[in-house]
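A single structure is presented below for examination.
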Amino acid sequence: MVKKFTFKPSTASNLYISVKPLLLIIMIISMLFLSACNIGLSKSSAEHIEKSVVYAEKKEIDPAFLMQNLAIVSVGDSLTQGVGDSTGKGGYVPYTETLLEKERGIGDASFANYGVRGNRSDQLLKKLKTEEVKASIAEADLVLVTIGGNDIMKVVRENFTALNLQAFAQQKKTYEKNLQDVLQTIKEYNPRVKIGLIGLYNPFLTWFSDIREIDEIMSDWNQTSKTMLSQYSNTFFVDVDDIFQTEGENLLYTDYFHPNDQGYEKMGNRIYEVVKERALTDILLEKSMDS
């Protein structure tokens with residue numbers, strides 16, 4: 001049976017519209033289906049946006065939260081080799097290594113130690129050109145250098161009976177040129193590597209505390225090193241001279257020249273502090289971007 005609905009518009013004649021119940025049901029179902037689809041699409045879009053936001057947040061996570069291993073190369077003289085260290089583990093190295101590995105985001109801080117007792121700056125330059133050291137630096141995140149002490153001692157030995165400031169000034173020019181070559185060589189092997197130069201300290205303070213010229217020489221050479229470093233990116237200076245000027249605290253080995261265990265521990269702590277302040281964040285950021 002067909003039902004008739006009668007409308008009486010004021011400006012038109014009577015219009016009769018017949019609608020089958022089945023057609024009406026189909027239209028209602030279709031409308032409900034389309035509404036459900038729209039809701040589904042909206043939900044899908046919302047999920048997509050949410051995932052995109054989460055992904056963006058992950059991309060902006062501090063790289064220090066991502067576990068990274070560090071490759072560190074130590075080069076230089078007896079301070080890197082660890083002369084005076086009763087444990088034989090490499091002077092300042094194990095102390096710096098332990099502190100770095102406690103940092104959030106660092107897994108293993110691996111050190112390759114190429115320190116050689118008695119090395120001057122010209123001898124360090126030759127050491128850098130060996131294939132083993134060259135390969136290690138090429139893969140390193142950080143290079144730590146101790147050099148200059150034996151350059152000064154060369155002047156002391158050659159002019160022992162007639163020491164004068166002019167002799168130190170002449171040797172300093174040679175040291176300055178060698179240090180420049182050392183930095184350039186390291187940068188050639190690895191342009192992105194960070195370089196830390198550990199400064200000189202006055203080992204004669206205990207015996208010759210009244211000879212202020214020695215302090216002046218050390219300060220002058222340290223300033224020369226800082227000036228040279230300022231010409232290169234990703235470099236920093238680690239000042240340790242003040243550590244060994246503490247009165248009433250014996251930080252020197254029995255030879256009264258090299259640090260003892262306590263001296264190396266304080267050096268290692270200072271090196272860690274400066275590395276953390278000047279280089280660590282950049283190293284972790286670069287490694288996270290490369291991974």
Please report, to 0.1 Å, the donor-acceptor pairs under 3.5 Å made by any side chain of residues 89-98, with sequence neighbours excluded.
unit_1, atom_1, unit_2, atom_2, d
Y92, OH, S74, OG, 3.2
T96, OG1, Y92, O, 3.4
T96, OG1, G268, O, 3.0
T98, OG1, P94, O, 2.9

* Could you list the residues that satisfy side chain to side chain contact (heavy atoms under 4.5 Å, CB included) with Q223, not counting sequence neighbours? => K226, T227
* To do: Could you tell me which residues satisfy side chain to side chain contact (heavy atoms under 4.5 Å, CB included) with N69, sequence neighbours excluded, listed by chain and number?
  => D108
* Structure fact -> Applying side-chain hydrogen bond (donor to acceptor under 3.5 Å, both in side chains) to T235 and not counting sequence neighbours gives none
* **Side-chain (D151) to main-chain (S121) donor-acceptor, under 3.5 angstrom** => yes
* Could you walk me through whether D85 and D261 pass the side-chain contact (heavy atoms from CB on, under 4.5 Å) check? -> CA-CA 5 Å; D85 171 20; D261 292 354; 3.3 Å; yes
* **side chain to side chain donor-acceptor pair (under 3.5 Å) pairs, two or more places apart, involving residues 123-138** => Y114-S136
* If two hydrophobic side chains count as joined below 4.5 Å and joins carry through other members, does I283 share a cluster with F236? -> yes
* Rounded distance [0.5 Å steps], CD1 in I106 versus CE in M67 -> 9.0 Å
* Distance (rounded to the nearest 0.5 Å) between K287 NZ and L70 CG -> 6.5 Å
* To do: Look only at the side chain of D239 and the backbone of D241, and say whether a donor-acceptor pair between them is shorter than 3.5 Å.
  => yes
* Asked: Considering only heavy atoms from C-beta outward, does the side chain of P203 approach that of Y201 to under 4.5 Å?
  -> yes
* Asked: Cut-off 3.5 Å, side chains only: do Q81 and D77 have a donor facing an acceptor?
  -> no
* To do: Evaluate the side-chain proximity of N250 to N260: yes if any heavy-atom separation is below 4.5 Å, no if none is.
  => yes
* Asked: If you group Ile, Leu, Val, Met, Phe, Trp and Tyr by side-chain heavy-atom gaps below 4.5 Å, do V116 and I186 land in one group?
  -> no
* **Contacts of type side chain to side chain contact (heavy atoms under 4.5 Å, CB included), residue K266, not counting sequence neighbours** => I243, E249, L251
Sequence neighbours excluded and cut-off under 3.5 Å, please list the side-chain donor-acceptor pairs for residues 162-171, or say none.
unit_1, atom_1, unit_2, atom_2, d
N164, OD1, Q166, N, 3.1
N164, OD1, A167, N, 2.9
N164, ND2, A162, O, 3.2

* Asked: Would L125 end up clustered with L229 when hydrophobic side chains under 4.5 Å apart are linked, directly or stepwise?
  -> yes
* Asked: Is Y253 atom OH crowded by more than 12 heavy atoms from other residues, nucleotides or ligands, each under 6.0 Å away?
  -> no
* Report whether V83 and L252 are members of the same hydrophobic cluster (ILVMFWY, side-chain heavy atoms less than 4.5 Å apart, transitive linking). => no
* Asked: Are any of the side-chain heavy atoms of I72 and V143 separated by less than 4.5 Å?
  -> no
* Separation between CG of N150 and CG of L79, rounded to the nearest 0.5 Å -> 8.5 Å
Side-chain donor-acceptor distances from residues 189-197 under 3.5 Å, at least two apart:
unit_1, atom_1, unit_2, atom_2, d
Y189, OH, L128, O, 3.2
N190, OD1, R192, N, 3.3
N190, OD1, V193, N, 3.3
N190, ND2, I137, O, 3.0
N190, ND2, A138, O, 3.3
N190, ND2, A140, O, 2.9
R192, NH1, D290, OD2, 3.3
R192, NH2, D290, OD2, 3.2
K194, NZ, R192, O, 3.4
K194, NZ, E286, OE1, 3.2
K194, NZ, E286, OE2, 3.1

* To do: To the nearest 0.5 Å, tell me how far S225 OG sits from L200 CG.
  => 6.0 Å
* To do: Please check if L99 and Y264 belong to a single hydrophobic cluster, counting links between Ile, Leu, Val, Met, Phe, Trp and Tyr side chain heavy atoms closer than 4.5 Å.
  => yes
* Asked: For the atom pair CZ (F111) and CG (N113), what is the distance rounded to the nearest 0.5 Å?
  -> 9.0 Å
* CZ-CG distance between R157 and N159, expressed to the nearest 0.5 angstrom -> 11.0 Å
* D122 versus N178, side-chain donor and acceptor atoms under 3.5 Å -> no
* **Test side-chain contact (heavy atoms from CB on, under 4.5 Å) applied to I198 and I271, step by step** => CA-CA 8 Å; I198 295 128; I271 293 167; 3.7 Å; yes
* To do: Evaluate the side-chain proximity of Q245 to D215: yes if any heavy-atom separation is below 4.5 Å, no if none is.
  => yes
* **Residues in side-chain hydrogen bond (donor to acceptor under 3.5 Å, both in side chains) contact with D220, at least two apart in sequence or another chain** => K172
* Side chains of V73 and L142: closer than 4.5 Å at any heavy-atom pair? -> no
* Could you pull out the closest heavy-atom pair between G76 and L124, with the gap in Å? => N-CD1, 3.8 Å
* Asked: Hey, are the side chains of D242 and R270 touching, using non-hydrogen atoms and a 4.5 Å cut-off?
  -> yes
* Asked: Under the side chain to side chain contact (heavy atoms under 4.5 Å, CB included) test, which residues partner Q184, sequence neighbours left out?
  -> Q180, D181, Y232
* To do: With side chain to side chain donor-acceptor pair (under 3.5 Å) as the test, would you mind laying out the steps for N269 and E265 before giving the verdict?
  => CA-CA 6 Å; N269 292 348; E265 182 177 9; 4.7 Å; no
* Could you tell me which non-hydrogen atom of S233 sits nearest to which non-hydrogen atom of K187, and how far apart they are? => O-NZ, 3.0 Å
* Verify side-chain contact (heavy atoms from CB on, under 4.5 Å) between L284 and T281, making sure each step is shown before the conclusion. => CA-CA 5 Å; L284 293 175; T281 299; over 6 Å; no
* **E103: partners by side-chain hydrogen bond (donor to acceptor under 3.5 Å, both in side chains), with sequence neighbours left out** => Y272, K276
* Would you please name every residue forming a side-chain hydrogen bond (donor to acceptor under 3.5 Å, both in side chains) with Q262, sequence neighbours left out? => none
* Asked: Closest heavy-atom contact between E101 and A109?
  -> OE2-N, 2.9 Å
